[in-house]
Number of protein chains: 2
Amino acid sequence: MAPALDERRAAILNAIVQDYVRGGEPVGSKRLVEEWNLGVSPATVRSDMAALEEAGLITHPHTSAGRIPTDAGYRHFVDGLTATEPLRSEQAAALENLLMGSPDLEELLRRTSSVLSRLTRFAALVVAPRLDRSRLRHIELVHLAPTSVLAVLIVDTGRVEKRMLELDAPVAEHDVQRARHAINDAAANLPVAQAPDVVAGVAAGAPAEVRPLIEAVAAAVRKGLASAMAGDQLFVGGSANMAGGGYFERLEQVKSVFETLEEQVVVLQVLREALEDDPAVRIGTELPLVELAACSVVAARYSATGGSGGTVGVLGPTRMDYPRTLAAVQAVASSLEKALAELTGAS
Amino acid sequence: MAPALDERRAAILNAIVQDYVRGGEPVGSKRLVEEWNLGVSPATVRSDMAALEEAGLITHPHTSAGRIPTDAGYRHFVDGLTATEPLRSEQAAALENLLMGSPDLEELLRRTSSVLSRLTRFAALVVAPRLDRSRLRHIELVHLAPTSVLAVLIVDTGRVEKRMLELDAPVAEHDVQRARHAINDAAANLPVAQAPDVVAGVAAGAPAEVRPLIEAVAAAVRKGLASAMAGDQLFVGGSANMAGGGYFERLEQVKSVFETLEEQVVVLQVLREALEDDPAVRIGTELPLVELAACSVVAARYSATGGSGGTVGVLGPTRMDYPRTLAAVQAVASSLEKALAELTGAS
DNA sequence: GCCTGGCACTCTGCGGGCACGCGTGCCAGA
DNA sequence: TCTGGCACGCGTGCCCGCAGAGTGCCAGGC
């Protein structure tokens, strides 16, 4: 797949990628030798370019234009990266400052997506920490009306899920309190995966007055946590960036990218597939969606105490500055990790 | 401002608006008489058109093109509307079905924005019910770590606000429970505007072990509810629609609209200003933002039990079908009202 | 006095034709 | 194996001319 390339040819490929990313125009042999003093003449470069084209790493849009990288070309470039150029230190500091001191998890993730999109000028994607390995802190029941109770599930990552329970028969306030105690005594600090069954067990052994309520809670816990675990919460920021920067010509393309970004389920799926690597880079047609054939995703995991963590990433055009973007994504991931640790407390 | 227009001229203006909205192309005198059998010749229509142009209600992009409405022209058209054409009944039914049975407030509002955007094919804006006249149901305190407590505020509209409290000194679990009881005894069912002061009063009269905690809760209640009341939560759906439909030509325009849509504060401000009327229509330059000069906002209030309600609306191009959009927005507002009443229970 | 038919005018969009620039591919020679 | 030179292909910008659409205006009719 990646044939060991002649050293000079690899250099030429990298030069093409970098020039094209900067300028957005097909790059020709003459400009290449001028800017990268390669020590050879344009003619030599041309024959190398022909070889690179043969290998499928570059193309030209029409005969008399310069070359542009193909997805495979970008891939080769990215795989050859050794060091991602780090952020400027004042940027890194500003980043930490911005994330630290968020009042709650949602706000933290929102800020993260905002800062990442401004840093990269692409659309930022932030997935909330997954629950599957986290623990249930507390289940609160609030008696709103005779037959309706609000269940609030609090997880140790700071995440809060709420769910209305509608009961067939009225329930008394003190029974709600009994149920609350029974449930919390049994389920608090359990891994969320076990919580539904434990609550169901409590229901089975409970007196008749409270059993329907506890059963309803068990169902809510099962559904609420399951949906929270499967369909992780996604924060998208800066999608307007995709319309700027001159990356796309036709409105149609932009529209389909925006539409895709609105489909949270789809975006999550894309991120999930990408994250077989970490950090992950998925370029153009490597993405599972044809609508995103002109886009790339760069993503990295972050970890959270007690959970399996989440993902931060960006969606940008294939013609992106990969080293810079990788650096930004990784920096944001690690800052988020720190801010998250601070937020959930030492515990 | 709106000079009493000759009846035929008004008819011609309306015809121009409707033709232009449908077709998107400047409309000429000939087509007009053919499609709207006006009973006069094109030449007559032309002289009327000249008068309408003189009055600032229409323009033409260049000499030999047909006419298009100006913002003032749309305004005249909208003000002259008597009946908004109602939704088809199966659409209305589907609407109600979709909104009923949402598990919680957030999900309901999310669905509302989704359905409204699909109904109109514009960007949907949904503002959560405001809290200022609602009541506090319950304050839950969860002891996460010795010096950190999570405060969860539950409001009778079903809205939940959460806030981390970091204390200077450790606090014991049973003191957290004491504080919780004291606070809820005093503050439950109070209007949210009074809650902060009441909680502060509880703090003043509390024993020293729990006073710092209750003071922290008071501060959190003050800040949490204030920010929730001022910066209402906004749900935006279907913004990708703004890139389709051929309304905008240049990518620049689309980008600035998207950027504006991402600024929740700005959008909220626009909606707030618009809602001096109900239902409200703000056309092009009537909006307070130059970036939205090519857009219109159609919005309507909905009310919530115990609160002052919220807003639903759409942002679309000035070239929109106002009667249809008005009907859709109003239908969604009233369905949302019903679904909300069902969600928060009879109470 | 208002409406109508006719006519001249203006502007856009489209297709053809031409020169230009750019970048390539190839080849002979070092 | 690299290099300089040369011919080729192709897209771009420009000008031109032409058809089409729509207007403005004016003289004439009801």
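Residue numbers begin at 1 in each chain, while the letters A, B, ... track the order of the sequences.
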**Asked** Starting at the 5' end of DNA chain C, which residue's closest nucleotide do you reach first, B:Pro42 or B:Ser64?
**Response**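 Its nearest nucleotide being more 5', the pick is B:Pro42.
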Has [X] got a side-chain N or O lying under 4.0 Å from the OP1 or OP2 atom of [N]?
X       : N      : answer
B:Arg31 : D:dG22 : no
A:Ser47 : C:dG25 : no
A:Ser41 : D:dT3  : yes
B:Thr44 : C:dC2  : no
B:Arg46 : C:dC3  : no

Check the distance between [N]'s [atom2] and [X]'s [atom1] and give it to me in whole angstrom.
X       : N      : atom1 : atom2 : answer
B:Glu53 : D:dC25 : CD    : P     : 11 Å
B:Asp48 : C:dC2  : CG    : P     : 11 Å
B:Leu52 : D:dT23 : CG    : C1'   : 15 Å
B:Glu54 : D:dT23 : CD    : C1'   : 16 Å
A:His62 : C:dG23 : NE2   : P     : 10 Å
A:His60 : D:dC10 : NE2   : P     : 10 Å
B:Ile58 : D:dG24 : CD1   : C1'   : 14 Å
A:Ile68 : C:dG23 : CD1   : P     : 14 Å

**Message:** What I want to check is whether the side chains of B:Ser239 and A:Glu262 have a donor and an acceptor closer together than 3.5 Å.
**Reply:**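 Indeed, the side chains of B:Ser239 and A:Glu262 share at least one donor-acceptor pair under 3.5 Å.
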**Prompt:** Does any donor atom in the side chain of A:Ser296 or A:Tyr322 lie under 3.5 Å from an acceptor atom in the other side chain?
**Reply:**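 Yes, side-chain donor-acceptor contact under 3.5 Å.
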**Item:** Presence of salt bridge, B:Glu35 and B:Arg22, under 4.0 angstrom
**Value:**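 Between B:Glu35 and B:Arg22 there is a salt bridge, with a charged N closer than 4.0 Å to a carboxylate O.
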**Message:** Check A:Arg75 with A:Asp71, please: is the shortest side-chain N to carboxylate O separation under 4.0 Å?
**Reply:**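 Between A:Arg75 and A:Asp71 there is no salt bridge, as every charged N stays at least 4.0 Å from the carboxylate O atoms.
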**Prompt:** B:Ala43 near the nucleic acid: base, sugar-phosphate alone, or nothing, with a heavy-atom cut-off under 4.0 Å?
**Reply:**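 Contact class for B:Ala43: base.
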